[in-house]
J.: 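Handing you this structure, nothing more for now.
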Number of protein chains: 2
Amino acid sequence: MTPEIPDIVIGRLPIYLRELTLLREEGYEVTSSHELGQRLGISSAQIRKDLSWFGPFGKQGTGYAIAYLQEQLKKILHLDREWQVALVGAGDLGRALARYGGFAHRGFRITRIFDNDPAKIGSYVGNIKVLSVRVMKEEIERIGIQVAMVAVPAAAAQQVTDALVEAGVRAILNYAPIVLAVPEGVHVQHIDPAAHLQHMTYYLG
Amino acid sequence: MTPEIPDIVIGRLPIYLRELTLLREEGYEVTSSHELGQRLGISSAQIRKDLSWFGPFGKQGTGYAIAYLQEQLKKILHLDREWQVALVGAGDLGRALARYGGFAHRGFRITRIFDNDPAKIGSYVGNIKVLSVRVMKEEIERIGIQVAMVAVPAAAAQQVTDALVEAGVRAILNYAPIVLAVPEGVHVQHIDPAAHLQHMTYYLG
DNA sequence: TAGATTGTTAATCGATTAACAATC
DNA sequence: TAGATTGTTAATCGATTAACAATC
(Lines give C-alpha, C1' and ligand atoms only; values in the text may rest on other atoms or scores of the structure.)
Protein backbone atom coordinates (compact mmCIF):
# COMPACT_ATOMS: atom_id res chain seq x y z
CA MET A 1 0.00 0.00 0.00
CA THR A 2 1.15 3.52 -0.79
CA PRO A 3 2.13 5.50 2.30
CA GLU A 4 -0.53 8.02 3.17
CA ILE A 5 0.69 11.38 2.03
CA PRO A 6 -0.56 14.19 4.26
CA ASP A 7 -3.11 16.46 2.65
CA ILE A 8 -1.21 19.48 3.88
CA VAL A 9 1.74 18.34 1.77
CA ILE A 10 -0.46 18.01 -1.32
CA GLY A 11 -1.69 21.53 -0.72
CA ARG A 12 1.83 22.90 -0.98
CA LEU A 13 2.67 21.21 -4.26
CA PRO A 14 0.67 23.73 -6.35
CA ILE A 15 2.58 26.53 -4.62
CA TYR A 16 5.88 24.92 -5.50
CA LEU A 17 4.70 24.42 -9.06
CA ARG A 18 3.64 28.04 -9.35
CA GLU A 19 6.99 29.30 -8.13
CA LEU A 20 8.89 26.95 -10.45
CA THR A 21 6.93 28.34 -13.39
CA LEU A 22 7.84 31.84 -12.29
CA LEU A 23 11.51 30.94 -11.89
CA ARG A 24 11.55 29.48 -15.35
CA GLU A 25 9.93 32.60 -16.78
CA GLU A 26 12.72 34.56 -15.17
CA GLY A 27 15.20 32.46 -17.11
CA TYR A 28 16.42 30.08 -14.42
CA GLU A 29 16.97 26.43 -15.29
CA VAL A 30 18.07 25.11 -11.92
CA THR A 31 17.04 25.91 -8.38
CA SER A 32 17.59 24.61 -4.85
CA SER A 33 15.36 23.93 -1.88
CA HIS A 34 17.04 26.89 -0.25
CA GLU A 35 16.26 29.31 -3.07
CA LEU A 36 12.71 28.04 -3.42
CA GLY A 37 12.21 28.29 0.33
CA GLN A 38 13.51 31.84 0.43
CA ARG A 39 11.10 32.92 -2.26
CA LEU A 40 8.11 31.17 -0.70
CA GLY A 41 8.84 31.87 2.92
CA ILE A 42 9.09 28.16 3.67
CA SER A 43 12.04 26.28 5.16
CA SER A 44 14.26 24.38 2.76
CA ALA A 45 13.91 21.31 4.95
CA GLN A 46 10.19 21.34 4.50
CA ILE A 47 10.46 21.53 0.74
CA ARG A 48 12.89 18.62 0.59
CA LYS A 49 10.73 16.61 2.96
CA ASP A 50 7.58 17.32 0.97
CA LEU A 51 9.18 16.34 -2.33
CA SER A 52 10.73 13.22 -0.85
CA TRP A 53 7.26 11.73 -0.43
CA PHE A 54 7.13 11.36 -4.18
CA GLY A 55 10.65 10.51 -5.16
CA PRO A 56 14.13 11.87 -5.55
CA PHE A 57 13.92 14.78 -7.98
CA GLY A 58 17.16 16.59 -7.28
CA LYS A 59 20.88 16.12 -7.50
CA GLN A 60 23.23 16.53 -4.57
CA GLY A 61 25.45 19.52 -4.98
CA THR A 62 23.41 21.17 -7.70
CA GLY A 63 19.73 21.14 -6.77
CA TYR A 64 16.68 20.69 -8.98
CA ALA A 65 16.32 21.02 -12.73
CA ILE A 66 13.31 23.31 -12.85
CA ALA A 67 11.72 21.96 -16.03
CA TYR A 68 12.00 18.39 -14.80
CA LEU A 69 10.59 19.09 -11.34
CA GLN A 70 7.77 21.10 -12.90
CA GLU A 71 6.90 18.19 -15.14
CA GLN A 72 6.97 15.74 -12.24
CA LEU A 73 4.75 17.90 -10.04
CA LYS A 74 2.30 18.28 -12.88
CA LYS A 75 2.10 14.51 -13.22
CA ILE A 76 1.61 14.05 -9.49
CA LEU A 77 -1.20 16.60 -9.45
CA HIS A 78 -2.72 15.09 -12.59
CA LEU A 79 -2.07 18.24 -14.54
CA ASP A 80 -0.66 16.37 -17.50
CA ARG A 81 -4.03 16.95 -19.07
CA GLU A 82 -6.56 19.76 -19.22
CA TRP A 83 -9.54 19.62 -16.86
CA GLN A 84 -12.84 20.91 -18.10
CA VAL A 85 -14.64 22.93 -15.45
CA ALA A 86 -18.33 23.64 -15.01
CA LEU A 87 -19.18 26.99 -13.49
CA VAL A 88 -22.49 27.48 -11.72
CA GLY A 89 -23.60 31.06 -11.26
CA ALA A 90 -23.30 33.77 -13.88
CA GLY A 91 -23.47 36.78 -11.58
CA ASP A 92 -20.61 39.25 -11.20
CA LEU A 93 -18.36 36.73 -9.53
CA GLY A 94 -19.17 33.92 -11.93
CA ARG A 95 -18.57 36.13 -14.95
CA ALA A 96 -15.27 37.34 -13.52
CA LEU A 97 -14.18 33.75 -12.94
CA ALA A 98 -15.18 32.81 -16.48
CA ARG A 99 -13.08 35.64 -17.90
CA TYR A 100 -10.18 35.15 -15.52
CA GLY A 101 -7.10 34.27 -17.53
CA GLY A 102 -5.29 32.54 -14.69
CA PHE A 103 -6.82 29.08 -15.08
CA ALA A 104 -5.74 28.26 -18.62
CA HIS A 105 -1.99 27.95 -18.01
CA ARG A 106 -2.61 25.95 -14.94
CA GLY A 107 -4.62 23.08 -16.31
CA PHE A 108 -8.24 24.23 -16.23
CA ARG A 109 -10.74 25.44 -18.77
CA ILE A 110 -14.24 26.58 -17.96
CA THR A 111 -16.34 25.10 -20.73
CA ARG A 112 -19.86 25.28 -19.33
CA ILE A 113 -21.68 27.97 -17.38
CA PHE A 114 -25.04 27.41 -15.72
CA ASP A 115 -27.50 29.73 -14.06
CA ASN A 116 -31.17 29.61 -13.10
CA ASP A 117 -32.00 33.21 -13.99
CA PRO A 118 -33.99 33.42 -17.25
CA ALA A 119 -32.47 36.85 -17.83
CA LYS A 120 -29.00 35.30 -17.94
CA ILE A 121 -29.72 32.02 -19.67
CA GLY A 122 -28.79 32.32 -23.31
CA SER A 123 -26.46 35.28 -22.77
CA TYR A 124 -22.75 34.94 -23.41
CA VAL A 125 -19.79 35.28 -21.09
CA GLY A 126 -16.84 35.54 -23.41
CA ASN A 127 -17.70 32.92 -25.98
CA ILE A 128 -19.55 30.63 -23.60
CA LYS A 129 -23.31 30.56 -23.60
CA VAL A 130 -25.01 30.48 -20.22
CA LEU A 131 -27.16 27.37 -19.94
CA SER A 132 -30.08 26.59 -17.68
CA VAL A 133 -29.37 24.61 -14.54
CA ARG A 134 -32.17 22.37 -15.77
CA VAL A 135 -29.85 20.87 -18.35
CA MET A 136 -26.86 20.85 -16.01
CA LYS A 137 -26.91 17.23 -14.97
CA GLU A 138 -27.37 16.04 -18.53
CA GLU A 139 -24.56 18.27 -19.88
CA ILE A 140 -22.06 17.42 -17.15
CA GLU A 141 -22.74 13.72 -17.46
CA ARG A 142 -22.50 13.79 -21.22
CA ILE A 143 -19.12 15.57 -21.27
CA GLY A 144 -17.85 13.81 -18.17
CA ILE A 145 -16.95 16.97 -16.30
CA GLN A 146 -15.45 16.23 -12.88
CA VAL A 147 -14.52 19.69 -11.62
CA ALA A 148 -16.89 22.55 -10.83
CA MET A 149 -16.96 26.01 -9.30
CA VAL A 150 -19.94 27.19 -7.29
CA ALA A 151 -20.56 30.93 -7.46
CA VAL A 152 -24.20 31.17 -6.41
CA PRO A 153 -25.80 32.77 -3.33
CA ALA A 154 -25.43 30.90 -0.06
CA ALA A 155 -29.07 29.91 -0.04
CA ALA A 156 -28.71 27.98 -3.30
CA ALA A 157 -25.24 26.53 -2.84
CA GLN A 158 -26.09 23.24 -1.13
CA GLN A 159 -28.79 22.42 -3.63
CA VAL A 160 -26.47 23.18 -6.54
CA THR A 161 -23.78 21.06 -4.91
CA ASP A 162 -26.11 18.12 -4.55
CA ALA A 163 -26.97 18.37 -8.24
CA LEU A 164 -23.31 18.57 -9.22
CA VAL A 165 -22.43 15.54 -7.14
CA GLU A 166 -25.38 13.71 -8.61
CA ALA A 167 -24.03 14.50 -12.06
CA GLY A 168 -20.65 13.02 -11.22
CA VAL A 169 -18.58 16.03 -10.18
CA ARG A 170 -15.85 15.07 -7.72
CA ALA A 171 -14.07 18.35 -7.02
CA ILE A 172 -15.82 21.60 -6.11
CA LEU A 173 -14.38 25.02 -5.58
CA ASN A 174 -16.93 26.79 -3.42
CA TYR A 175 -17.30 30.56 -3.36
CA ALA A 176 -20.51 30.58 -1.35
CA PRO A 177 -20.02 31.46 2.32
CA ILE A 178 -21.33 28.19 3.70
CA VAL A 179 -19.86 24.80 4.47
CA LEU A 180 -21.01 22.33 1.85
CA ALA A 181 -21.98 18.81 2.76
CA VAL A 182 -20.70 16.27 0.26
CA PRO A 183 -20.41 12.49 0.26
CA GLU A 184 -17.14 10.64 0.84
CA GLY A 185 -14.90 10.88 -2.19
CA VAL A 186 -16.03 14.32 -3.26
CA HIS A 187 -13.55 17.10 -2.59
CA VAL A 188 -14.39 20.67 -1.66
CA GLN A 189 -12.19 23.70 -1.29
CA HIS A 190 -13.65 26.88 0.05
CA ILE A 191 -12.74 30.43 -0.91
CA ASP A 192 -14.00 33.02 1.55
CA PRO A 193 -12.32 36.40 1.06
CA ALA A 194 -14.15 38.02 3.96
CA ALA A 195 -12.84 35.31 6.29
CA HIS A 196 -9.29 36.08 5.16
CA LEU A 197 -9.80 39.76 5.84
CA GLN A 198 -11.24 39.00 9.27
CA HIS A 199 -8.27 36.79 10.03
CA MET A 200 -5.98 39.76 9.38
CA THR A 201 -7.96 42.38 11.26
CA TYR A 202 -7.32 40.37 14.42
CA TYR A 203 -3.75 41.64 14.20
CA LEU A 204 -4.69 45.25 13.52
CA GLY A 205 -5.11 47.35 16.67
CA MET B 1 2.29 39.05 28.78
CA THR B 2 -0.62 37.63 26.83
CA PRO B 3 -0.17 34.00 25.90
CA GLU B 4 0.70 33.64 22.24
CA ILE B 5 -2.43 32.51 20.49
CA PRO B 6 -1.69 30.26 17.50
CA ASP B 7 -2.42 31.85 14.14
CA ILE B 8 -4.24 28.71 13.06
CA VAL B 9 -6.73 29.32 15.88
CA ILE B 10 -7.27 32.92 14.76
CA GLY B 11 -7.96 31.62 11.26
CA ARG B 12 -10.85 29.51 12.51
CA LEU B 13 -12.60 32.28 14.39
CA PRO B 14 -14.06 33.86 11.22
CA ILE B 15 -15.44 30.44 10.29
CA TYR B 16 -17.10 30.11 13.67
CA LEU B 17 -18.46 33.61 13.35
CA ARG B 18 -19.86 32.89 9.91
CA GLU B 19 -21.64 29.78 11.11
CA LEU B 20 -23.03 31.55 14.15
CA THR B 21 -24.52 34.20 11.88
CA LEU B 22 -26.08 31.48 9.79
CA LEU B 23 -27.48 29.71 12.84
CA ARG B 24 -29.00 32.93 14.03
CA GLU B 25 -30.56 33.55 10.64
CA GLU B 26 -32.10 30.12 10.93
CA GLY B 27 -33.71 31.22 14.15
CA TYR B 28 -31.50 29.52 16.73
CA GLU B 29 -30.55 31.38 19.86
CA VAL B 30 -28.34 28.82 21.54
CA THR B 31 -25.86 26.30 20.18
CA SER B 32 -23.24 23.89 21.47
CA SER B 33 -19.69 23.00 20.51
CA HIS B 34 -21.08 19.71 19.31
CA GLU B 35 -23.67 21.27 17.00
CA LEU B 36 -21.23 23.84 15.67
CA GLY B 37 -18.65 21.13 15.08
CA GLN B 38 -21.13 18.96 13.24
CA ARG B 39 -22.02 21.76 10.89
CA LEU B 40 -18.42 22.79 10.26
CA GLY B 41 -16.84 19.36 10.12
CA ILE B 42 -14.65 20.18 13.11
CA SER B 43 -14.43 18.35 16.44
CA SER B 44 -16.31 19.82 19.35
CA ALA B 45 -13.14 19.59 21.43
CA GLN B 46 -11.30 21.81 19.01
CA ILE B 47 -13.99 24.44 19.11
CA ARG B 48 -14.02 24.51 22.90
CA LYS B 49 -10.22 24.62 23.00
CA ASP B 50 -10.07 27.43 20.46
CA LEU B 51 -12.63 29.54 22.30
CA SER B 52 -10.99 28.91 25.65
CA TRP B 53 -7.97 30.94 24.52
CA PHE B 54 -10.14 34.01 24.79
CA GLY B 55 -12.36 33.36 27.72
CA PRO B 56 -15.31 31.35 28.97
CA PHE B 57 -18.22 32.12 26.65
CA GLY B 58 -20.54 29.22 27.36
CA LYS B 59 -22.58 27.72 30.12
CA GLN B 60 -22.25 24.14 31.31
CA GLY B 61 -25.28 22.13 30.46
CA THR B 62 -26.71 24.55 27.92
CA GLY B 63 -23.97 25.70 25.54
CA TYR B 64 -23.42 29.09 23.95
CA ALA B 65 -25.80 32.00 23.54
CA ILE B 66 -25.30 32.67 19.84
CA ALA B 67 -25.76 36.44 19.89
CA TYR B 68 -23.33 36.80 22.77
CA LEU B 69 -20.63 34.59 21.27
CA GLN B 70 -21.03 36.36 17.95
CA GLU B 71 -20.51 39.69 19.63
CA GLN B 72 -17.45 38.46 21.49
CA LEU B 73 -15.85 37.00 18.37
CA LYS B 74 -16.47 40.26 16.53
CA LYS B 75 -14.68 42.14 19.28
CA ILE B 76 -11.76 39.73 19.26
CA LEU B 77 -11.39 40.07 15.48
CA HIS B 78 -11.81 43.84 15.71
CA LEU B 79 -15.01 43.73 13.76
CA ASP B 80 -16.80 46.03 16.16
CA ARG B 81 -16.18 48.67 13.56
CA GLU B 82 -16.23 48.92 9.76
CA TRP B 83 -12.93 48.66 7.90
CA GLN B 84 -12.49 50.73 4.79
CA VAL B 85 -10.77 48.79 2.06
CA ALA B 86 -8.72 50.01 -0.88
CA LEU B 87 -8.94 47.92 -4.02
CA VAL B 88 -6.13 48.02 -6.56
CA GLY B 89 -6.99 46.77 -10.02
CA ALA B 90 -10.23 47.51 -11.85
CA GLY B 91 -10.13 44.60 -14.29
CA ASP B 92 -12.76 41.86 -14.34
CA LEU B 93 -11.71 40.50 -10.98
CA GLY B 94 -11.40 43.89 -9.33
CA ARG B 95 -14.80 44.98 -10.57
CA ALA B 96 -16.37 41.73 -9.38
CA LEU B 97 -14.82 42.22 -5.94
CA ALA B 98 -16.08 45.78 -5.81
CA ARG B 99 -19.60 44.65 -6.61
CA TYR B 100 -19.49 41.59 -4.37
CA GLY B 101 -22.11 41.92 -1.69
CA GLY B 102 -20.42 39.59 0.76
CA PHE B 103 -18.09 42.06 2.41
CA ALA B 104 -20.58 44.57 3.79
CA HIS B 105 -22.19 42.32 6.43
CA ARG B 106 -18.83 41.15 7.53
CA GLY B 107 -17.13 44.35 8.45
CA PHE B 108 -15.59 45.66 5.23
CA ARG B 109 -16.40 48.34 2.73
CA ILE B 110 -14.46 49.02 -0.42
CA THR B 111 -14.29 52.80 -0.60
CA ARG B 112 -11.46 53.43 -3.05
CA ILE B 113 -10.51 51.74 -6.31
CA PHE B 114 -7.22 52.38 -8.09
CA ASP B 115 -5.90 51.42 -11.50
CA ASN B 116 -3.10 52.57 -13.77
CA ASP B 117 -5.02 52.18 -17.04
CA PRO B 118 -6.10 55.58 -18.42
CA ALA B 119 -9.05 53.85 -20.07
CA LYS B 120 -10.33 52.82 -16.64
CA ILE B 121 -9.41 55.85 -14.57
CA GLY B 122 -12.45 58.04 -14.13
CA SER B 123 -14.90 55.24 -14.90
CA TYR B 124 -17.28 54.01 -12.23
CA VAL B 125 -17.66 50.62 -10.61
CA GLY B 126 -20.99 50.80 -8.87
CA ASN B 127 -20.83 54.26 -7.37
CA ILE B 128 -17.08 54.32 -6.85
CA LYS B 129 -14.89 56.24 -9.25
CA VAL B 130 -11.69 54.54 -10.35
CA LEU B 131 -8.70 56.68 -9.36
CA SER B 132 -5.19 56.73 -10.70
CA VAL B 133 -2.55 54.79 -8.78
CA ARG B 134 -0.62 58.05 -8.86
CA VAL B 135 -2.89 59.46 -6.17
CA MET B 136 -3.07 56.19 -4.27
CA LYS B 137 -0.55 56.92 -1.55
CA GLU B 138 -2.00 60.34 -0.89
CA GLU B 139 -5.60 59.05 -0.75
CA ILE B 140 -4.84 56.06 1.47
CA GLU B 141 -2.80 58.16 3.86
CA ARG B 142 -5.40 60.87 4.02
CA ILE B 143 -8.24 58.49 4.84
CA GLY B 144 -6.08 56.21 6.95
CA ILE B 145 -6.99 53.04 5.11
CA GLN B 146 -5.27 49.98 6.58
CA VAL B 147 -6.73 47.14 4.54
CA ALA B 148 -6.30 46.55 0.80
CA MET B 149 -7.01 44.01 -1.90
CA VAL B 150 -4.60 43.50 -4.77
CA ALA B 151 -6.22 42.40 -8.02
CA VAL B 152 -3.57 43.33 -10.56
CA PRO B 153 -1.47 41.14 -12.87
CA ALA B 154 1.39 39.22 -11.27
CA ALA B 155 3.98 41.43 -12.88
CA ALA B 156 2.63 44.52 -11.12
CA ALA B 157 1.67 43.03 -7.77
CA GLN B 158 4.91 43.49 -5.84
CA GLN B 159 5.26 47.09 -6.93
CA VAL B 160 1.66 47.82 -5.95
CA THR B 161 2.24 46.11 -2.61
CA ASP B 162 5.31 48.21 -1.89
CA ALA B 163 3.28 51.34 -2.57
CA LEU B 164 0.42 50.17 -0.34
CA VAL B 165 2.78 49.39 2.52
CA GLU B 166 4.47 52.73 2.01
CA ALA B 167 1.06 54.36 2.33
CA GLY B 168 0.40 52.64 5.64
CA VAL B 169 -1.62 49.57 4.66
CA ARG B 170 -1.11 46.73 7.13
CA ALA B 171 -3.34 43.95 5.77
CA ILE B 172 -3.38 42.82 2.15
CA LEU B 173 -5.59 40.29 0.46
CA ASN B 174 -3.60 39.20 -2.56
CA TYR B 175 -5.26 37.78 -5.69
CA ALA B 176 -2.11 37.85 -7.83
CA PRO B 177 -0.45 34.44 -8.23
CA ILE B 178 2.83 35.41 -6.62
CA VAL B 179 4.18 35.46 -3.09
CA LEU B 180 4.38 39.05 -1.91
CA ALA B 181 7.31 40.29 0.14
CA VAL B 182 6.23 42.58 2.95
CA PRO B 183 7.96 43.97 6.02
CA GLU B 184 7.37 42.66 9.52
CA GLY B 185 4.03 43.76 10.86
CA VAL B 186 2.24 43.72 7.51
CA HIS B 187 -0.14 40.83 6.99
CA VAL B 188 -0.84 39.08 3.71
CA GLN B 189 -3.40 36.47 2.81
CA HIS B 190 -3.29 34.88 -0.58
CA ILE B 191 -6.21 33.70 -2.69
CA ASP B 192 -5.19 31.40 -5.51
CA PRO B 193 -8.17 29.54 -6.99
CA ALA B 194 -6.04 27.59 -9.46
CA ALA B 195 -3.93 26.27 -6.60
CA HIS B 196 -7.09 25.03 -4.87
CA LEU B 197 -8.21 23.26 -8.02
CA GLN B 198 -4.78 21.68 -8.43
CA HIS B 199 -4.89 20.52 -4.83
CA MET B 200 -8.10 18.65 -5.60
CA THR B 201 -7.07 17.13 -8.92
CA TYR B 202 -4.39 15.23 -7.02
CA TYR B 203 -7.20 13.09 -5.69
CA LEU B 204 -8.92 12.60 -9.03
CA GLY B 205 -7.70 9.56 -10.93
C1' DT C 1 -32.36 15.74 40.76
C1' DA C 2 -30.59 13.85 36.24
C1' DG C 3 -28.77 15.07 31.99
C1' DA C 4 -26.06 17.90 29.31
C1' DT C 5 -22.25 20.59 28.19
C1' DT C 6 -18.51 23.50 29.29
C1' DG C 7 -13.50 24.54 30.18
C1' DT C 8 -9.23 22.41 30.94
C1' DT C 9 -5.61 19.01 31.53
C1' DA C 10 -3.00 15.31 29.89
C1' DA C 11 -2.22 12.12 26.17
C1' DT C 12 -1.79 11.46 21.51
C1' DC C 13 -0.94 12.44 17.11
C1' DG C 14 1.18 14.75 13.32
C1' DA C 15 4.03 18.27 11.23
C1' DT C 16 8.25 20.84 11.10
C1' DT C 17 13.01 21.36 11.76
C1' DA C 18 17.80 20.13 12.60
C1' DA C 19 21.43 17.55 11.37
C1' DC C 20 24.28 14.84 8.54
C1' DA C 21 25.87 10.99 5.55
C1' DA C 22 25.81 10.42 0.77
C1' DT C 23 27.21 12.16 -3.43
C1' DC C 24 27.17 15.21 -7.40
C1' DT D 1 39.38 17.78 -4.97
C1' DA D 2 36.40 21.07 -2.25
C1' DG D 3 32.02 22.93 -1.92
C1' DA D 4 27.31 22.47 -2.25
C1' DT D 5 23.02 20.36 -1.79
C1' DT D 6 20.12 16.44 -1.65
C1' DG D 7 17.30 12.82 0.77
C1' DT D 8 16.42 10.96 5.14
C1' DT D 9 16.41 10.07 10.06
C1' DA D 10 15.72 11.51 14.59
C1' DA D 11 14.46 15.26 17.61
C1' DT D 12 11.53 18.88 18.48
C1' DC D 13 7.70 21.38 18.36
C1' DG D 14 2.89 22.28 18.06
C1' DA D 15 -1.88 20.99 17.25
C1' DT D 16 -5.66 17.92 18.02
C1' DT D 17 -8.22 14.82 20.68
C1' DA D 18 -9.81 12.29 24.70
C1' DA D 19 -11.40 12.44 29.07
C1' DC D 20 -13.51 14.28 33.02
C1' DA D 21 -14.41 17.34 37.03
C1' DA D 22 -17.19 21.24 37.50
C1' DT D 23 -21.58 23.03 37.15
C1' DC D 24 -25.66 24.80 34.86
Side-chain angles (χ1 to χ4, degrees), chain A residues 1-17 19-20 23 28-73 76 179 199 202, chain B residues 1-17 19-20 23 28-73 76 179 199 202:
Chain A
M1 215 174 123
T2 321
E4 206 46 64
I5 297 165
D7 183 66
I8 198 163
V9 170
I10 307 301
R12 280 191 293 262
L13 301 185
I15 310 305
Y16 299 160
L17 181 55
E19 199 65 29
L20 289 169
L23 277 162
Y28 295 91
E29 299 198 335
V30 171
T31 189
S32 66
S33 60
H34 180 73
E35 182 175 49
L36 212 44
Q38 280 265 308
R39 294 176 61 125
L40 292 172
I42 288 178
S43 79
S44 62
Q46 179 161 85
I47 291 173
R48 291 198 303 280
K49 187 95 202 328
D50 285 353
L51 296 177
S52 76
W53 284 93
F54 302 95
F57 299 120
K59 218 179 250 180
Q60 285 104 325
T62 54
Y64 303 93
I66 294 175
Y68 176 72
L69 183 52
Q70 236 183 332
E71 193 190 325
Q72 294 307 305
L73 288 179
I76 291 164
V179 174
H199 183 161
Y202 171 80
Chain B
M1 212 175 128
T2 322
E4 204 46 63
I5 297 165
D7 183 65
I8 198 163
V9 171
I10 307 301
R12 280 191 293 262
L13 300 186
I15 310 305
Y16 298 160
L17 180 56
E19 200 65 29
L20 289 170
L23 277 162
Y28 294 91
E29 299 199 335
V30 170
T31 189
S32 66
S33 60
H34 180 75
E35 182 175 50
L36 212 43
Q38 280 265 308
R39 294 176 62 123
L40 293 172
I42 288 178
S43 79
S44 62
Q46 180 160 86
I47 291 173
R48 291 197 304 280
K49 187 95 199 335
D50 284 353
L51 296 178
S52 76
W53 285 94
F54 301 94
F57 300 120
K59 219 179 248 180
Q60 284 105 323
T62 54
Y64 303 92
I66 294 175
Y68 175 72
L69 183 52
Q70 235 183 335
E71 192 190 326
Q72 294 306 307
L73 288 178
I76 291 164
V179 174
H199 184 161
Y202 171 81

J.: B:Y64 OH to D:dT23 P: how many Å, rounded?
T.: 16 Å

J.: Measure CG/B:L69 against P/C:dT5 and give the value in whole Å, please.
T.: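 After rounding, the gap between these two atoms is 16 Å.
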
J.: Whole-Å distance between C:dT16 P and A:W53 CH2?
T.: 11 Å

J.: Which residue lies toward the 5' end of DNA chain C, B:F57 or A:D7, if each is placed at its nearest nucleotide?
T.: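 On the 5' side of the pair lies B:F57.
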
J.: Just verifying a value: how many Å separate A:Q38 CD and A:S44 OG, rounded to the nearest 0.5 Å?
T.: 9.0 Å

J.: In whole angstrom, give the distance that lies between atom CD1 of A:I10 and atom P of C:dA15.
T.: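 In whole Å, C:dA15 P lies 11 Å from A:I10 CD1.
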
J.: Where does DNA chain C pair, written as one dot-bracket string 5' to 3', with Watson-Crick or G-U pairs under 3.5 Å, ( ) inside the strand, [ ] for crossing pairs and | for another strand?
T.: ..||||||||||||||||||||||

J.: Atom CG in B:L69, atom OG1 in B:T31: separation rounded to 0.5 Å?
T.: 9.0 Å

J.: What do the steps show when you test B:F54 against B:L73 for side-chain contact (heavy atoms from CB on, under 4.5 Å), and what is the final call?
T.: CA-CA 9 Å; B:F54 301 94; B:L73 288 178; 5.8 Å; no

J.: Does A:I10 form a side-chain contact (heavy atoms from CB on, under 4.5 Å) with B:H199? I'd like the steps, not just the answer.
T.: CA-CA 6 Å; A:I10 307 301; B:H199 184 161; 3.7 Å; yes

J.: B:L36 and B:L20: side-chain contact (heavy atoms from CB on, under 4.5 Å), yes or no, with the steps?
T.: CA-CA 8 Å; B:L36 212 43; B:L20 289 170; 4.3 Å; yes

J.: Residues from residues 33-51 of chain A sitting under 4.0 Å of DNA chain C, heavy atoms only?
T.: A:S43, A:A45, A:Q46, A:R48, A:K49

J.: Could you give the CZ-to-P distance, from B:F54 to C:dT8, as a whole number of Å?
T.: 13 Å

J.: Minimum heavy-atom separation for A:S33 and A:R48, please, with both atom names.
T.: OG-NH1, 3.0 Å

J.: Please examine the side chains of A:V179 and B:E19, heavy atoms only from C-beta on, and report whether any two atoms are closer than 4.5 Å.
T.: yes

J.: Could you pull out the closest heavy-atom pair between B:E4 and B:W53, with the gap in Å?
T.: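 Residues B:E4 and B:W53, closest heavy atoms: O-CZ3, 3.7 Å.
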
J.: Please evaluate residues B:Y202 and A:D7 with respect to the criterion side-chain contact (heavy atoms from CB on, under 4.5 Å), reporting the C-alpha separation (whole Å), side-chain torsions for both, the decisive distance (0.1 Å), and the verdict.
T.: CA-CA 10 Å; B:Y202 171 81; A:D7 183 66; over 6 Å; no

J.: Taking the nucleotide of DNA chain C with the closest heavy atom to each, which residue, A:R12 or B:S52, is nearer the 5' end?
T.: B:S52

J.: Expressed as a whole number of angstroms, how long is the span from A:Q60:CD to D:dT6:C1'?
T.: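 Rounding to the nearest Å, CD of A:Q60 and C1' of D:dT6 are 4 Å apart.
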
